[in-house]
Amino acid sequence: MSEPMMAKAYNPHEVETTLYDWWEKQGFFTPEQQLNSGLADPAQPPFVISMPPPNVTGALHLGHAITSSVEDMLIRYHRMAGNPTLWVPGTDHAGIATQNVVERQLEKQGMTRHTLGRERFVQEVWDWKDEYHGRITAQQRRLGISCDWTRERFTLDEGLSQAVLTAFVQMYEEGLIYKGNYLVNWCPRCMSAISDLEVDYEEVTGKFYTFRYPLADGGYLEVSTTRPETILGDTAVAVHPDDERYRQAVGKTAIVPVLGREIPVIADAYVDPEFGTGALKVTPGHDPNDYEIAKRHNLPMINIMNKDATLNEAAGKYAGLDRYDARKELWADMQAAGLVVGAKEHTHQVGHCQRCNSVVEPLLSEQWWVKMQPLAEPALEAVRSGAVQIVPQRFERVYNHWLENIRDWCISRQLWWGHRIPVWYGPDQTAFAAHSTAEAQAKAQAHFGRSVELVQDPDVLDTWFSSGLWPFSTLGWPAQSKDFATFYPTSVLETGYDILFFWVARMIMMGLKFTGQPPFHTVYLHGLVRDEQGRKMSKSLGNALDPLDLIAQYGTDALRFTLLTGGTPGNDIKLAENRVEANRNFANKIWNAARFVIMRLEDGAPEVDGSDPNSPLYLLPPNDLLNLPDRWILSRLEAVRQETTRLVDNWQLGEAGRQLYEFLWNEYCDWYIEAAKVRLNEDTAVEAQATRQVLAFVLEQSLRLLHPFMPFVTEAIWQNLPGVGQGAPDNAGSSPVAEGDRPQARALIVTRWPAAGERRQETAETDFGRIQEIVRGIRNVRSEYDVPAPKRISALFSASEINDLLTENLPLLIALARLDAAETLVAAELVAPSKAATLAAAGATVYLPLAGLVDLAAERKRMQGEIANIDRQLGRIESMLNNPGFTGKAPAEVIEREQSKQAELQGRRVQLAERLSEL
RNA sequence: GGGUGAGUAGCUCAGCUGGUUAGAGCGCACGGUUCACAUCCGUGAGGUCGAAGGUUCAAGUCCUUUCUCGCCCACCA
């Protein structure tokens, strides 16, 4: 195949979709294909992630981008490590959210769901789902996620619906699901109950109204409220039992203003005498605390509100008014009646519907509930025992606290979009939970002894009910499927910490309940993506960055790398656009380094190891052909391989990425490639060839290490490497060869993560470090003396102990420090020229005559500064080494390091001082 | 009220198990037509690591107190 010339700059858009389609078509995302191709080792445990399903009608945002980046990183890493790897994608029907979207759409056409009727409305939502499903999944593909699309699921699929039915019926039969009339959080806009978690509390400045509650036998009590309309539902006034002020009032009768209803004055310890007037109006139908008080005192509970937050007949003359209008009118009437004491500003927490931001009302209503305590216990134990580990660990406390104080979960929603509650009622309201109408009928028949007409419960389940089953329902449960047997429990559940309760805790509870096992062994929580000022990104603030825009501007890899390396686990990340840009530059940098290497490989192809697809693509030359830079970069590569592997295994993904960045840019590009040029240009053919192989070897291994972080640019480069051969995207799908006969394509995505090498050479690192120190020192002097960059200068090295090192690597020094070869000399000892800048580095003294440029006074000053700097450091070290506490207690290794540093500094000091005295 | 995270260079952040002169990117200054890359190269300036105590031979890193900001949970009418 003809090698396509690599473009001068990396263009993400030329490769991303092509590569993605090719990967997908090749089947690399499926565990079956990984096993068939020999990448995955059947002896290794599978690595499985259930993808948090995005809302099917949602649009991609940075939350999805960070989730995808982290999960795809883990998936690619484990796939390369040889685990059969499965990442199950899917979408969520997102009950209220989706229904609201469609309802808003209907509204624009002057319709409501009721004008359409249930069946047609649900059909309408399905149409939406079909339209938008393609959009969200296409957007996810742009992120490069290597999930197994052949196993994609939707929460309202047949299979997942079966899971929901099974779970519901079983829990119902065990008494874990029950129906009851309780106070719920009611959203008057959604016209549905919502769970505690779906209520967001916001601080609101309202009014604190104080008024007189008349007593039947004269007098009054002063009482305060933030919601005067609830007076209409009062069934008592309560005071603290020990409150002297109100002792006589207890037992008396109060009169509800306007309505004239008689209610008792009671004593209850809940009342805080310090707060307000110390007397509390009790509205059991519209306040959770009052509800509890009412239960203790057997008070009646009055519901004054309709489901749309207008008042009902119980409100007397206010019936039909909206809650806020009623508030005003009632207050005006009270004022007229002389009952008003006053109203002052008051800030307090008010519950809002998470989905539509309406103010939520506590309302008495009959709903379905899950009994949580019995589910919470095992879920707590799973984390306590370590069967489930949460990363970062601090979230375990949050998790524990929530589960220890858990309350029953309201799971019924008065919506049409979702899993309809599988309960049918007979003529006498007897309830039958069943998997189907037919089964319900059979149950009813058995119960009544005859066939009766059944009516199914109209409500649907909270969308998080089906989400709780996701890790196993997507694998086929309740059927005993092969996938379930093979891939359950999954490995890691990765998501943002904001849905720890909504989703993660419920999955653990449901997983333990229905499969007897925790659904995953690790929970990895990432932070939330915020704007540069740390604010939440939102449409209304207009500060939301669109991941698709960022991808269009900088490429997918740049965005992914930024999200992966821009923060630390569990902490929010403030996304600065210039970091994305910097990482775009990084992708380009690698691209160009590769371009250079590949061009040079045209002078002599490197030896390819074709024997084992799991070993490095290129062979290394024999040791005796390796020079210092070769040995150095190989040693560094091995160190970085070890470090990144360790870091990824310890969930320090960002740190791993940052290390690769620094290795590739600051070591491979800045030093090794520059050093390699010397040998490629000047040495013998055999040596040049050896260097070409090292260049190729290190590049190829680095691409593997970087691939999970930057999948596209690494694969694009890899496909251009000589020896990769056929299989490039150009051939994908269009080959006339039958599927089975086509040679297995080679792709970076299915190469092995580099295995441990034996190339670590501390001496090479020390020696090359000396060269670097000297080169940097010379560059520094050049810069200080304003030597024009292209100008070659003469240099005299009085090398003493590193004479051999410098002699051997003289061409390297000449090239990197831009020395004049004809006027450069290395010797163990040489006489200092009279007029030269002097540098003490790495044990050598370097004289740079810099004809005509050296100003002796300036040079003296420069050296004095240098000596002062050395003295500062020496002072620090000496006080350490003179401290018996240090020498007695510090590890030998640390002491040795300080000693050798001291020796080196003293050496340099002597060199500089000698020179200074000569000047 | 309880819990928790953050406070490190002008900005955005690293610094993982305490041990070289605390790092990066961007920005800034100076210099660059070095045959991969100006999405680049070289050099440099810039930090009492929020504050105060303490533990330790040694603290940005551990402990206590404290200040500022953020988030989560919680029934104060």
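Chain identifiers are assigned alphabetically (A, B, ...) following the order of the sequence lines, protein sequences preceding nucleic acid strands; residue numbering begins at 1 within each chain. All heavy atoms count here, side chains included; hydrogens, waters and symmetry mates do not.
- Comparing B:rU39, B:rC37, B:rU43 by their closest approach to the side chain of A:Ala9 singles out B:rU39.
- Applying the 6.0 Å contact sphere to CD of A:Glu404 captures more than 12 heavy atoms from other residues, nucleotides or ligands.
- Pairing partner, B:rU56: none, since no Watson-Crick or wobble contact has both distances short of 3.5 Å.
- The cationic atom of A:Arg770 (NZ for Lys, CZ for Arg) does not lie both less than 6.0 Å from the six-membered ring centre of A:Trp671 and within 45° of the ring axis.
- As a whole-Å value, the separation of A:Leu563 CG from B:rG25 P is 20 Å.
- The side chain of A:Arg897 lies closest to B:rG19, out of B:rC16, B:rC75, B:rG19.
- Within the structure, every side-chain polar atom (N or O) of A:Trp402 is placed at least 4.0 Å from both OP1 and OP2 of B:rG2.
- OP1 or OP2 of B:rG31 has not a single side-chain nitrogen or oxygen of A:Arg782 nearer than 4.0 Å.
- For the residue pair A:Asn592 / A:Tyr10, no side-chain donor-acceptor distance below 3.5 Å is found, with atom types taken as modelled.
- Within a 6.0 Å radius of CD in A:Gln393, no more than 12 heavy atoms belonging to other residues, nucleotides or ligands are found.
- Distances shown here put a side-chain N or O of A:Lys677 below 4.0 Å from the OP1 or OP2 atom of B:rA36.
- Residue A:Asn578 places its side chain closer to B:rC26 than to any other of B:rA77, B:rC26, B:rA36.
- For the pair A:Lys677 and A:Phe596, the cation sits on the ring face: its NZ or CZ lies under 6.0 Å from the ring centre, inside 45° of the axis.
- Between A:Arg296 atom CZ and B:rC75 atom P the separation is 14 Å, expressed in whole Å.
- Here A:Asn405 does not reach the OP1 or OP2 of B:rA74: none of its side-chain N or O atoms lies under 4.0 Å away.
- OP1 or OP2 of B:rA14 sits under 4.0 Å from a side-chain N or O of A:Thr568.
- Out of B:rU43, B:rU12, B:rG5, the shortest distance to the side chain of A:Arg776 is found at B:rU43.
- Distances were taken from every side-chain heavy atom of A:Phe886 (C-beta onward) to each of B:rG19, B:rU4, B:rC16; the shortest belongs to B:rG19.
- For A:Asn588, the listed nucleotide lying nearest its side chain is B:rU39; candidates were B:rG5, B:rC16, B:rU39.
- Nearest to the side-chain atoms of A:Asp272 among the listed nucleotides B:rC16, B:rC76, B:rG15 stands B:rC76.
- For B:rA36, the OP1/OP2 oxygens have no side-chain nitrogen or oxygen of A:Lys8 closer than 4.0 Å.
- Of the listed residues (A:Glu581, A:Arg579, A:Glu577), just one forms a side chain to side chain donor-acceptor pair (under 3.5 Å) with A:Tyr554, and that residue is A:Glu577.
- Using a 4.0 Å heavy-atom cutoff across all strands shown, A:Ala582 reaches sugar-phosphate atoms only and no base atom.
- Between A:Asn780 and the phosphate of B:rG42, there is no side-chain N or O to OP1/OP2 separation shorter than 4.0 Å.
- The phosphate of B:rG2 has neither OP1 nor OP2 within less than 4.0 Å of any side-chain N or O from A:His401.
- The side chain of A:Lys589 contributes an N or O atom lying less than 4.0 Å from OP1 or OP2 of B:rC41.
- One atom, CG of A:Asn592, and another, P of B:rC35, lie 13 Å apart when rounded to the nearest Å.
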